[in-house]
Every structure is written in structure tokens, then in C-alpha cells.
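For reference, the structure discussed in these notes is given below.
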Amino acid sequence: TGSFTSLINPDDHSSITEHTISMSGTTTGVFHEVAGGAKITGVYTEGAVTSTAGNVGGIIDNATGNITLSNVVNGADIKGTDNVGGVIGNVDGTANITLVNVLNEGTVTATAGSAAGLIADATATTVTARNVGNAGNVSGTTAAAFFNNITTTGSNVENAYNSGNL
């Protein structure tokens, strides 16, 4: 399977509703393996995404390169073992992730590792986030409202809020 590198929804009004994605032993998300240059905009999801593995995301399970998400809301409940994110589960390698007007409303649960409302594992990632929020409850060995494991300098977050329980 190849990586997704295109523009989703140029009209800014797509919904993916009442979906249930359930996988055993594999990374799971509405979009799998999103790669450099991809732009996802105007997407709303609801339902559930579950996996018996890690790298599980409400929108993207695994991202690489330069990725932009704008006007995106995850309303689905997300569950996996590790690196479970309301929006992105895992970011591989050096990446630049831009989030503008992005919200997680779903419950995020990691049964054996890290969980976050937006990005569960942002190791070696530069994140630029503006007008972002988490309204879902987040639980895991390590739980964060927004991002886990950011290890690079240069990330910037503006106008963020959390109303979910950690």
C-alpha cells in the first residue's frame, strides 16, 4: 500500500459519520500512512476507531514529512495499545506538522502506552498549532491533552484549550 499525499476536500465540508474501524494487530486510522506534502481540510469524523496494536489515530494513524490539517474535527472514540491520538497516532521521522482549527471531541484510550488528544507520538517533529483543542477524555500510561513526546525545538502552539479529563 502506498502513502496518501493528496488534498482532501477542497470545498471544506466533508463528513465521515457513523464509521467503525476495528483492526487487529495493525496501525489504524481513517487515513493510513499520510506522507509529505499532504493537506487534509474540512473533515469531520464520528464513530469509533479501535485496534489491538499501536499507532492509532482518529484521522491519521501514521504521518511522515510535511503534513497540514485544517478545519478538522475528530468526534470518534479512539482505542489502541500505544501512540493513540485523537487526530494523529504517530509521526515517523523528522516531520513538520501544521494544525489549524483542529479539534478532538472523542475519548482517547491507550491500554499500554501514550495517548493524546491531538498527536500521541510527536518524536522528532516540529508542530505548529493554531486554534486547536481537546474536548475528549484521554487515558494511557502517559496522557496529554495535546501532544506527547515532542523532542525537537521550534514547535509553536497558539490559542489552545482542553476541557477533557486526563
Side-chain angles (χ1 to χ4, degrees), residues 1-9 14-99 102-127 129 132 134 136-151:
T1 62
S3 297
F4 175 81
T5 59
S6 298
L7 174 68
I8 283 294
N9 190 30
S14 285
S15 293
I16 301 169
T17 59
E18 299 180 22
H19 74 283
T20 300
I21 300 172
S22 183
M23 303 291 287
S24 179
T26 186
T27 60
T28 306
V30 172
F31 297 102
H32 172 69
E33 298 291 336
V34 176
K39 295 179 182 179
I40 298 174
T41 185
V43 173
Y44 173 82
T45 64
E46 63 182 40
V49 177
T50 62
S51 178
T52 59
N55 299 345
V56 181
I59 305 296
I60 301 170
D61 61 4
N62 196 54
T64 60
N66 300 323
I67 308 292
T68 300
L69 284 84
S70 62
N71 302 322
V72 171
V73 177
N74 172 55
D77 293 333
I78 313 302
K79 184 176 181 180
T81 57
D82 188 22
N83 297 337
V84 182
V87 177
I88 300 174
N90 180 64
V91 180
D92 269 345
T94 304
N96 295 301
I97 305 295
T98 301
L99 306 175
V102 173
L103 173 65
N104 173 60
E105 296 176 331
T107 298
V108 179
T109 306
T111 59
S114 66
L118 297 180
I119 303 175
D121 187 0
T123 305
T125 303
T126 300
V127 176
V132 296
N134 175 60
N137 295 333
V138 180
S139 64
T141 305
T142 58
F146 305 116
F147 316 109
N148 257 328
N149 305 323
I150 291 182
T151 59

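Index from 1, following the sequence.
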For [X], all residues meeting side-chain contact (heavy atoms from CB on, under 4.5 Å), sequence neighbours excluded:
X	value
F147	L99, L118, I119, V127, A129, I150, V157
T142	S114, N148
S139	T109
T81	T111

Once you round to the nearest 0.5 Å, how far does [atom1] of [X] lie from [atom2] of [Y]?
X	Y	atom1	atom2	value
N134	E105	CG	CD	10.0 Å
E46	D77	CD	CG	10.5 Å
I88	I67	CD1	CD1	7.5 Å

If you look at every heavy atom in [X] and [Y], which pair is closest and at what distance?
X	Y	answer
I97	A63	CD1-CB, 4.4 Å
A110	A115	CB-CB, 3.8 Å
A95	G65	CB-O, 3.1 Å
I40	V72	O-CG2, 3.7 Å

N96 side chain to N66 side chain, donor-acceptor N/O pair below 3.5 angstrom: yes

Under the side-chain hydrogen bond (donor to acceptor under 3.5 Å, both in side chains) test, residues paired with D92 that sit two or more places apart: N62, N90

Partner of Y44 under side chain to side chain contact (heavy atoms under 4.5 Å, CB included), chosen from V73, L103, N74: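 Result for side chain to side chain contact (heavy atoms under 4.5 Å, CB included) with Y44: V73.
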
T41 (side chain) donor-acceptor with S70 (main chain) under 3.5 angstrom: yes

